[in-house]
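Structure first, then comments.
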Amino acid sequence: MSDDRLERALSDAIADLAGSGSPDYLDDILERTVRTRQRPWWTFPGRYTIMAPTLKFAVAAALAFVLGVAVSPLILPSDEGTVPPPASASEAEATVDTLMTEPPTHFTGRIKPDPAVSQSTSESRQYEADGLEWIVQSQTYRDFQSTVKSSDDRFSGQLSQDSAWDDYWLPDRDAATERPRVMTDEWRLENDGGSWTGTWHTFFSGDPTGNFDYADAVVVFEGGGDYAGYQAIAHVDFEQSSSYEWHWDIDGWIVEGGLPRS
Amino acid sequence: MEQRALVLAARDGDHDAFAVLAGQALARLDAVARLILRDADLARDAVQEAMVKAWRDLPGLRDPERWDAWIHRITVNSSIEAARRRRRRVVEVELLDIDGRTSPDAQEQVLDRQVLQEALASLEPEQRALVVLRYYLGLSVPEAAETLGIPLGTAKSRLHRSLLHMRSVVVGPQRAPAPRPGVQA
(Lines give C-alpha, C1' and ligand atoms only; values in the text may rest on other atoms or scores of the structure.)
Protein backbone atom coordinates (compact mmCIF):
# COMPACT_ATOMS: atom_id res chain seq x y z
CA MET A 1 0.00 0.00 0.00
CA SER A 2 1.53 3.33 -1.08
CA ASP A 3 1.76 6.33 1.23
CA ASP A 4 -0.93 8.16 -0.70
CA ARG A 5 -3.22 5.17 -0.69
CA LEU A 6 -2.63 4.59 3.00
CA GLU A 7 -3.49 8.19 3.78
CA ARG A 8 -6.60 8.17 1.59
CA ALA A 9 -7.76 4.87 3.02
CA LEU A 10 -7.05 6.18 6.49
CA SER A 11 -9.21 9.25 5.95
CA ASP A 12 -12.03 7.04 4.68
CA ALA A 13 -11.66 4.55 7.50
CA ILE A 14 -11.68 7.30 10.10
CA ALA A 15 -14.72 8.92 8.51
CA ASP A 16 -16.45 5.51 8.66
CA LEU A 17 -15.61 5.15 12.31
CA ALA A 18 -16.67 8.69 13.12
CA GLY A 19 -20.10 8.15 11.58
CA SER A 20 -22.53 10.96 10.95
CA GLY A 21 -24.89 10.72 13.89
CA SER A 22 -25.72 13.69 16.00
CA PRO A 23 -25.16 13.37 19.73
CA ASP A 24 -28.16 13.68 22.01
CA TYR A 25 -26.52 15.21 25.04
CA LEU A 26 -26.37 18.90 24.16
CA ASP A 27 -29.09 19.62 26.72
CA ASP A 28 -27.09 17.81 29.41
CA ILE A 29 -24.10 19.99 28.62
CA LEU A 30 -26.13 23.18 28.69
CA GLU A 31 -27.73 22.22 31.99
CA ARG A 32 -24.25 21.96 33.46
CA THR A 33 -22.83 25.08 31.86
CA VAL A 34 -25.78 27.27 32.84
CA ARG A 35 -25.02 26.39 36.46
CA THR A 36 -21.30 27.09 36.03
CA ARG A 37 -19.92 30.54 36.61
CA GLN A 38 -17.42 31.87 34.16
CA ARG A 39 -14.05 32.94 35.47
CA PRO A 40 -13.59 36.71 35.30
CA TRP A 41 -11.45 37.79 32.36
CA TRP A 42 -8.96 39.54 34.58
CA THR A 43 -7.93 36.22 36.15
CA PHE A 44 -6.39 35.21 32.80
CA PRO A 45 -2.90 36.68 32.36
CA GLY A 46 -3.12 36.17 28.60
CA ARG A 47 -5.95 38.68 28.29
CA TYR A 48 -3.75 41.50 29.48
CA THR A 49 -1.82 41.42 26.24
CA ILE A 50 -4.92 42.86 24.58
CA MET A 51 -3.76 46.10 26.09
CA ALA A 52 -0.35 45.45 24.65
CA PRO A 53 0.19 48.59 22.53
CA THR A 54 -0.11 50.99 25.44
CA LEU A 55 1.38 48.58 27.92
CA LYS A 56 4.34 47.89 25.71
CA PHE A 57 4.93 51.58 25.18
CA ALA A 58 4.81 52.14 28.92
CA VAL A 59 7.26 49.31 29.55
CA ALA A 60 9.61 50.54 26.84
CA ALA A 61 9.39 54.10 28.12
CA ALA A 62 10.05 52.97 31.68
CA LEU A 63 13.00 50.89 30.54
CA ALA A 64 14.44 53.79 28.57
CA PHE A 65 13.96 56.10 31.55
CA VAL A 66 15.66 53.71 33.96
CA LEU A 67 18.54 53.23 31.58
CA GLY A 68 18.77 56.93 30.98
CA VAL A 69 18.94 57.62 34.70
CA ALA A 70 21.45 54.84 35.20
CA VAL A 71 23.88 56.03 32.54
CA SER A 72 23.34 59.77 32.78
CA PRO A 73 26.17 60.29 35.29
CA LEU A 74 28.49 58.87 32.67
CA ILE A 75 27.49 61.17 29.84
CA LEU A 76 26.19 64.37 31.42
CA PRO A 77 28.20 67.10 33.20
CA SER A 78 28.03 66.94 36.98
CA ASP A 79 25.79 69.20 38.98
CA GLU A 80 27.25 72.50 40.15
CA GLY A 81 26.98 71.59 43.79
CA THR A 82 28.84 68.35 43.47
CA VAL A 83 32.43 68.45 44.58
CA PRO A 84 34.51 66.11 42.44
CA PRO A 85 36.92 63.84 44.27
CA PRO A 86 40.50 64.96 44.12
CA ALA A 87 42.23 63.42 41.14
CA SER A 88 45.02 64.23 38.84
CA ALA A 89 44.35 65.24 35.26
CA SER A 90 45.75 62.00 33.97
CA GLU A 91 43.54 59.94 36.30
CA ALA A 92 40.47 61.88 35.18
CA GLU A 93 41.33 61.30 31.55
CA ALA A 94 41.86 57.61 32.20
CA THR A 95 38.42 57.37 33.79
CA VAL A 96 36.83 59.10 30.83
CA ASP A 97 38.69 56.84 28.42
CA THR A 98 37.38 53.82 30.21
CA LEU A 99 33.75 54.78 30.55
CA MET A 100 32.86 57.29 27.90
CA THR A 101 34.24 56.31 24.55
CA GLU A 102 30.69 55.81 23.32
CA PRO A 103 27.28 56.76 24.61
CA PRO A 104 24.72 53.96 24.91
CA THR A 105 23.10 53.25 21.56
CA HIS A 106 19.42 52.61 21.20
CA PHE A 107 18.20 50.09 18.65
CA THR A 108 14.95 48.49 17.62
CA GLY A 109 14.44 45.42 15.50
CA ARG A 110 12.61 42.24 14.81
CA ILE A 111 13.45 38.57 15.17
CA LYS A 112 11.77 36.31 12.65
CA PRO A 113 12.04 32.54 12.54
CA ASP A 114 13.75 30.93 9.59
CA PRO A 115 11.90 28.13 7.83
CA ALA A 116 14.23 25.39 9.00
CA VAL A 117 13.49 24.15 12.44
CA SER A 118 16.04 21.95 14.08
CA GLN A 119 15.77 19.04 16.39
CA SER A 120 13.43 18.81 19.26
CA THR A 121 13.35 16.24 21.99
CA SER A 122 10.70 15.20 24.40
CA GLU A 123 10.94 13.04 27.46
CA SER A 124 8.33 12.26 30.05
CA ARG A 125 8.95 11.06 33.54
CA GLN A 126 6.11 9.78 35.62
CA TYR A 127 5.91 9.97 39.39
CA GLU A 128 3.45 8.70 41.90
CA ALA A 129 2.93 9.89 45.41
CA ASP A 130 0.07 9.07 47.73
CA GLY A 131 -1.62 7.26 44.90
CA LEU A 132 -1.62 10.35 42.70
CA GLU A 133 0.25 10.30 39.44
CA TRP A 134 2.05 13.32 38.16
CA ILE A 135 4.26 13.77 35.18
CA VAL A 136 7.18 15.97 34.22
CA GLN A 137 7.54 16.35 30.50
CA SER A 138 10.87 17.83 29.43
CA GLN A 139 11.20 19.24 25.96
CA THR A 140 13.97 21.00 24.11
CA TYR A 141 14.45 22.88 20.90
CA ARG A 142 18.04 22.94 19.70
CA ASP A 143 19.52 25.36 17.21
CA PHE A 144 16.25 26.93 16.32
CA GLN A 145 17.32 29.51 13.76
CA SER A 146 16.02 33.03 13.42
CA THR A 147 17.09 36.18 11.64
CA VAL A 148 17.50 39.44 13.52
CA LYS A 149 17.20 42.73 11.68
CA SER A 150 17.68 45.80 13.79
CA SER A 151 18.47 49.47 13.40
CA ASP A 152 21.99 48.78 14.68
CA ASP A 153 24.06 46.49 12.46
CA ARG A 154 25.91 45.27 15.49
CA PHE A 155 22.71 43.71 16.75
CA SER A 156 21.66 42.11 13.46
CA GLY A 157 22.46 38.67 12.14
CA GLN A 158 21.58 35.06 12.70
CA LEU A 159 20.14 34.02 16.02
CA SER A 160 20.29 30.47 17.26
CA GLN A 161 17.97 29.67 20.06
CA ASP A 162 18.10 26.76 22.46
CA SER A 163 15.01 26.36 24.55
CA ALA A 164 14.33 23.82 27.22
CA TRP A 165 11.30 23.55 29.38
CA ASP A 166 9.59 21.28 31.84
CA ASP A 167 5.84 20.96 31.98
CA TYR A 168 4.39 19.70 35.21
CA TRP A 169 1.16 17.77 35.17
CA LEU A 170 0.24 17.99 38.81
CA PRO A 171 -2.27 15.63 40.37
CA ASP A 172 -4.42 18.33 41.87
CA ARG A 173 -4.62 20.47 38.74
CA ASP A 174 -6.45 20.17 35.48
CA ALA A 175 -3.66 18.41 33.66
CA ALA A 176 -5.12 19.11 30.25
CA THR A 177 -4.37 22.79 30.30
CA GLU A 178 -3.39 24.11 33.71
CA ARG A 179 0.15 22.87 33.89
CA PRO A 180 3.00 25.08 35.06
CA ARG A 181 5.97 25.44 32.74
CA VAL A 182 9.53 26.40 33.65
CA MET A 183 11.57 27.47 30.67
CA THR A 184 15.13 28.51 29.90
CA ASP A 185 16.16 30.18 26.66
CA GLU A 186 19.71 30.61 25.45
CA TRP A 187 20.07 33.02 22.56
CA ARG A 188 23.21 33.56 20.55
CA LEU A 189 23.28 36.22 17.87
CA GLU A 190 26.15 36.11 15.41
CA ASN A 191 27.28 38.36 12.58
CA ASP A 192 30.55 39.21 10.86
CA GLY A 193 31.69 41.37 13.75
CA GLY A 194 31.05 39.11 16.71
CA SER A 195 28.34 37.66 18.85
CA TRP A 196 25.85 38.36 21.59
CA THR A 197 24.72 35.72 24.04
CA GLY A 198 21.89 35.93 26.52
CA THR A 199 20.13 33.51 28.81
CA TRP A 200 16.79 34.07 30.39
CA HIS A 201 14.24 32.16 32.34
CA THR A 202 10.49 32.23 32.24
CA PHE A 203 7.83 30.70 34.39
CA PHE A 204 4.30 30.17 33.15
CA SER A 205 1.76 29.40 35.79
CA GLY A 206 -0.39 27.56 33.28
CA ASP A 207 -2.96 29.26 31.16
CA PRO A 208 -6.40 27.65 31.27
CA THR A 209 -6.84 28.52 27.61
CA GLY A 210 -4.14 25.97 26.89
CA ASN A 211 -1.87 28.67 25.48
CA PHE A 212 1.46 29.70 26.92
CA ASP A 213 1.74 33.42 26.66
CA TYR A 214 5.33 34.29 25.94
CA ALA A 215 4.46 37.98 26.31
CA ASP A 216 7.75 39.74 26.97
CA ALA A 217 11.02 39.70 28.85
CA VAL A 218 14.11 41.77 29.43
CA VAL A 219 17.31 40.01 28.37
CA VAL A 220 20.92 41.02 29.02
CA PHE A 221 23.34 39.98 26.28
CA GLU A 222 27.11 39.73 26.63
CA GLY A 223 29.13 40.81 23.64
CA GLY A 224 31.84 38.66 22.07
CA GLY A 225 34.36 39.20 19.25
CA ASP A 226 34.39 42.85 18.23
CA TYR A 227 31.66 43.46 20.80
CA ALA A 228 33.66 42.18 23.74
CA GLY A 229 33.36 44.69 26.55
CA TYR A 230 29.83 45.62 25.56
CA GLN A 231 26.51 44.51 26.89
CA ALA A 232 23.10 44.88 25.35
CA ILE A 233 19.93 45.06 27.32
CA ALA A 234 16.82 44.42 25.34
CA HIS A 235 13.13 44.21 25.85
CA VAL A 236 11.87 41.32 23.71
CA ASP A 237 8.20 41.00 23.02
CA PHE A 238 6.59 37.95 21.48
CA GLU A 239 3.98 38.71 18.83
CA GLN A 240 1.81 36.20 17.05
CA SER A 241 -0.05 37.69 14.11
CA SER A 242 -1.76 34.44 13.24
CA SER A 243 -1.61 30.85 14.38
CA TYR A 244 1.68 30.09 12.70
CA GLU A 245 3.20 33.48 12.03
CA TRP A 246 5.14 34.92 14.86
CA HIS A 247 8.10 37.11 15.64
CA TRP A 248 9.78 38.92 18.46
CA ASP A 249 9.94 42.69 18.53
CA ILE A 250 13.10 43.87 20.16
CA ASP A 251 13.92 47.23 21.68
CA GLY A 252 17.17 47.79 23.49
CA TRP A 253 20.40 49.59 24.18
CA ILE A 254 24.01 48.68 23.60
CA VAL A 255 26.12 49.83 26.52
CA GLU A 256 29.85 50.00 26.50
CA GLY A 257 31.45 48.57 29.60
CA GLY A 258 28.30 46.87 30.74
CA LEU A 259 25.35 47.72 32.88
CA PRO A 260 25.65 49.41 36.25
CA ARG A 261 26.08 47.01 39.11
CA SER A 262 24.07 47.42 42.27
CA MET B 1 -24.99 35.62 13.94
CA GLU B 2 -21.52 34.78 12.67
CA GLN B 3 -19.20 32.66 14.76
CA ARG B 4 -16.93 35.51 15.82
CA ALA B 5 -19.87 37.47 17.19
CA LEU B 6 -21.15 34.37 18.97
CA VAL B 7 -17.76 33.77 20.58
CA LEU B 8 -17.49 37.40 21.69
CA ALA B 9 -21.01 37.28 23.14
CA ALA B 10 -20.38 33.96 24.89
CA ARG B 11 -17.08 35.29 26.20
CA ASP B 12 -19.04 38.13 27.76
CA GLY B 13 -21.36 35.68 29.51
CA ASP B 14 -24.14 35.18 26.94
CA HIS B 15 -25.12 31.58 27.58
CA ASP B 16 -27.51 31.47 24.60
CA ALA B 17 -24.62 32.31 22.31
CA PHE B 18 -22.57 29.55 23.89
CA ALA B 19 -25.46 27.13 23.34
CA VAL B 20 -25.35 27.90 19.61
CA LEU B 21 -21.58 27.40 19.49
CA ALA B 22 -21.85 24.15 21.44
CA GLY B 23 -24.58 22.89 19.14
CA GLN B 24 -22.51 23.69 16.06
CA ALA B 25 -19.42 21.92 17.38
CA LEU B 26 -20.92 18.99 19.26
CA ALA B 27 -21.11 16.36 16.50
CA ARG B 28 -17.54 17.08 15.43
CA LEU B 29 -16.17 17.04 18.96
CA ASP B 30 -18.09 13.88 19.83
CA ALA B 31 -16.59 12.14 16.79
CA VAL B 32 -13.08 13.30 17.71
CA ALA B 33 -13.46 12.04 21.26
CA ARG B 34 -14.92 8.70 20.13
CA LEU B 35 -12.09 8.22 17.66
CA ILE B 36 -9.50 8.89 20.34
CA LEU B 37 -11.20 6.94 23.12
CA ARG B 38 -12.91 4.17 21.10
CA ASP B 39 -15.70 4.27 23.67
CA ALA B 40 -18.90 6.25 23.20
CA ASP B 41 -19.64 6.67 26.91
CA LEU B 42 -16.15 7.87 27.75
CA ALA B 43 -16.28 10.18 24.75
CA ARG B 44 -19.53 11.66 25.94
CA ASP B 45 -18.02 12.34 29.37
CA ALA B 46 -14.87 13.82 27.84
CA VAL B 47 -16.86 16.16 25.59
CA GLN B 48 -19.09 17.25 28.46
CA GLU B 49 -16.05 18.02 30.58
CA ALA B 50 -14.49 19.90 27.70
CA MET B 51 -17.63 21.97 27.12
CA VAL B 52 -17.99 22.90 30.78
CA LYS B 53 -14.35 23.89 30.87
CA ALA B 54 -14.75 25.87 27.66
CA TRP B 55 -17.69 27.82 29.09
CA ARG B 56 -15.90 28.44 32.38
CA ASP B 57 -12.65 29.58 30.77
CA LEU B 58 -14.04 31.31 27.70
CA PRO B 59 -13.28 34.78 29.12
CA GLY B 60 -9.61 33.78 28.85
CA LEU B 61 -9.77 33.27 25.09
CA ARG B 62 -7.97 36.23 23.63
CA ASP B 63 -8.67 35.77 19.96
CA PRO B 64 -12.24 34.79 19.04
CA GLU B 65 -10.99 33.60 15.64
CA ARG B 66 -9.25 30.80 17.48
CA TRP B 67 -12.45 29.32 18.89
CA ASP B 68 -12.32 26.18 16.74
CA ALA B 69 -8.66 25.45 17.48
CA TRP B 70 -9.25 26.20 21.15
CA ILE B 71 -12.26 23.92 21.58
CA HIS B 72 -10.50 21.19 19.61
CA ARG B 73 -7.55 21.47 21.92
CA ILE B 74 -9.64 21.29 25.07
CA THR B 75 -11.57 18.30 23.74
CA VAL B 76 -8.49 16.43 22.59
CA ASN B 77 -6.75 17.05 25.91
CA SER B 78 -9.85 15.99 27.80
CA SER B 79 -10.00 12.80 25.73
CA ILE B 80 -6.32 12.02 26.25
CA GLU B 81 -6.75 12.54 29.96
CA ALA B 82 -9.72 10.16 29.95
CA ALA B 83 -7.64 7.62 28.04
CA ARG B 84 -4.87 7.88 30.62
CA ARG B 85 -7.33 7.37 33.45
CA ARG B 86 -8.68 4.17 32.01
CA ARG B 87 -5.28 2.77 31.12
CA ARG B 88 -5.88 -0.71 32.36
CA ARG B 89 -9.27 -1.02 30.83
CA VAL B 90 -9.55 -3.20 27.79
CA VAL B 91 -11.31 -1.54 24.90
CA GLU B 92 -12.94 -3.73 22.31
CA VAL B 93 -12.41 -2.59 18.78
CA GLU B 94 -15.48 -2.33 16.64
CA LEU B 95 -14.94 -4.03 13.33
CA LEU B 96 -16.92 -3.70 10.18
CA ASP B 97 -18.73 -6.81 8.99
CA ILE B 98 -17.24 -8.04 5.78
CA ASP B 99 -19.95 -8.89 3.32
CA GLY B 100 -18.86 -11.90 1.29
CA ARG B 101 -21.11 -10.88 -1.58
CA THR B 102 -19.15 -7.75 -2.39
CA SER B 103 -16.89 -7.61 -5.41
CA PRO B 104 -13.16 -8.35 -4.89
CA ASP B 105 -12.28 -4.66 -5.25
CA ALA B 106 -14.95 -3.56 -2.87
CA GLN B 107 -14.00 -6.37 -0.53
CA GLU B 108 -10.37 -5.29 -0.62
CA GLN B 109 -11.43 -1.76 0.11
CA VAL B 110 -13.56 -2.86 3.04
CA LEU B 111 -10.76 -5.10 4.25
CA ASP B 112 -8.36 -2.19 4.04
CA ARG B 113 -10.69 -0.10 6.14
CA GLN B 114 -11.19 -2.86 8.65
CA VAL B 115 -7.46 -3.38 8.98
CA LEU B 116 -6.86 0.34 9.16
CA GLN B 117 -9.41 0.65 11.90
CA GLU B 118 -7.61 -2.08 13.81
CA ALA B 119 -4.34 -0.30 13.18
CA LEU B 120 -5.80 2.99 14.39
CA ALA B 121 -7.10 1.32 17.52
CA SER B 122 -3.65 -0.09 18.25
CA LEU B 123 -2.07 3.36 18.56
CA GLU B 124 -1.48 5.08 21.85
CA PRO B 125 -4.09 7.77 22.62
CA GLU B 126 -1.61 10.59 21.97
CA GLN B 127 -0.73 9.10 18.58
CA ARG B 128 -4.37 8.49 17.75
CA ALA B 129 -5.24 12.07 18.68
CA LEU B 130 -2.67 13.33 16.19
CA VAL B 131 -3.91 11.00 13.44
CA VAL B 132 -7.50 12.07 14.11
CA LEU B 133 -6.61 15.76 13.94
CA ARG B 134 -4.69 15.22 10.73
CA TYR B 135 -6.94 12.82 8.86
CA TYR B 136 -10.39 13.44 10.34
CA LEU B 137 -10.36 17.18 10.98
CA GLY B 138 -7.94 17.74 8.11
CA LEU B 139 -5.57 19.95 10.08
CA SER B 140 -2.07 20.55 8.78
CA VAL B 141 0.74 19.08 10.86
CA PRO B 142 1.67 22.50 12.33
CA GLU B 143 -1.99 23.12 13.18
CA ALA B 144 -2.27 19.69 14.79
CA ALA B 145 0.96 20.33 16.72
CA GLU B 146 -0.41 23.60 18.00
CA THR B 147 -3.71 22.01 18.94
CA LEU B 148 -1.93 19.33 20.95
CA GLY B 149 0.52 21.85 22.42
CA ILE B 150 3.56 19.92 21.24
CA PRO B 151 6.55 21.06 19.18
CA LEU B 152 6.26 20.72 15.44
CA GLY B 153 9.19 18.30 15.31
CA THR B 154 7.52 16.08 17.90
CA ALA B 155 4.29 16.10 15.92
CA LYS B 156 6.10 15.18 12.72
CA SER B 157 8.01 12.31 14.28
CA ARG B 158 4.95 11.11 16.20
CA LEU B 159 2.85 11.11 13.03
CA HIS B 160 5.61 9.36 11.12
CA ARG B 161 5.87 6.65 13.76
CA SER B 162 2.10 6.27 13.85
CA LEU B 163 1.87 5.79 10.10
CA LEU B 164 4.80 3.36 10.14
CA HIS B 165 3.10 1.37 12.85
CA MET B 166 -0.21 1.36 11.00
CA ARG B 167 1.52 0.32 7.81
CA SER B 168 3.17 -2.57 9.64
CA VAL B 169 -0.25 -3.67 10.82
CA VAL B 170 -1.72 -3.33 7.34
CA VAL B 171 1.01 -4.94 5.24
CA GLY B 172 2.84 -7.04 7.83
CA PRO B 173 3.72 -10.57 6.75
CA GLN B 174 1.39 -12.04 9.29
CA ARG B 175 -1.32 -10.10 10.91
CA ALA B 176 -1.02 -10.76 14.58
CA PRO B 177 -3.89 -9.39 16.64
CA ALA B 178 -3.29 -5.70 17.16
CA PRO B 179 -2.53 -4.74 20.74
CA ARG B 180 -5.48 -3.10 22.40
CA PRO B 181 -4.93 0.32 23.81
CA GLY B 182 -4.45 0.32 27.50
CA VAL B 183 -3.58 -3.33 27.91
CA GLN B 184 0.11 -2.87 27.47
CA ALA B 185 0.33 0.38 29.41
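Proteins come first, then strands; the chains are lettered A, B, ... in the order of their sequence lines, and each starts at number 1.
Here B:Arg134 contributes atom CZ and A:Leu10 contributes atom CG; the two are 10.0 Å apart, rounded to the nearest 0.5 Å. A distance of 5.0 Å separates CG of B:Leu26 from CD1 of A:Ile29, quoted to the nearest 0.5 Å.
Minimum interatomic distance between B:Glu49 and A:Arg32 (heavy atoms only, all atoms of both residues): OE2-NH2, 3.1 Å. Shortest non-hydrogen contact noted between A:Leu26 and B:Ala22 is CD1-CB, 3.8 Å. B:Asp12 approaches A:Gln38 most closely through the heavy-atom pair C-OE1, 4.2 Å.
In this structure, the portions of B:Leu163 lying under 4.5 Å from any heavy atom of chain A include both its backbone and its side chain. Using a 4.5 Å cut-off between heavy atoms, B:Ala145 does not touch chain A at all.
For residues 25-65 of chain B, the pairs satisfying ring-ring contact (aromatic ring centres under 6.0 Å, His included) are B:His15-B:Trp55, B:Phe18-B:Trp55, with sequence neighbours left out.
Counting heavy-atom pairs closer than 4.5 Å to chain A, the top residue among B:Gln48, B:Lys156, B:Arg28 is B:Gln48.
Between the side chain of B:Arg34 and the main chain of A:Ala18, a donor-acceptor pair closer than 3.5 Å is present.
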For this session: Check the pair B:Val52, A:Arg35 against side chain to side chain contact (heavy atoms under 4.5 Å, CB included), reporting the backbone distance first and the verdict last.
Result: CA-CA 10 Å; B:Val52 171; A:Arg35 294 196 310 266; over 6 Å; no

Exercise. Can you check side chain to side chain contact (heavy atoms under 4.5 Å, CB included) on A:Leu30 and B:Met51, steps first, answer last?
Worked result: CA-CA 9 Å; A:Leu30 297 178; B:Met51 284 292 194; over 6 Å; no

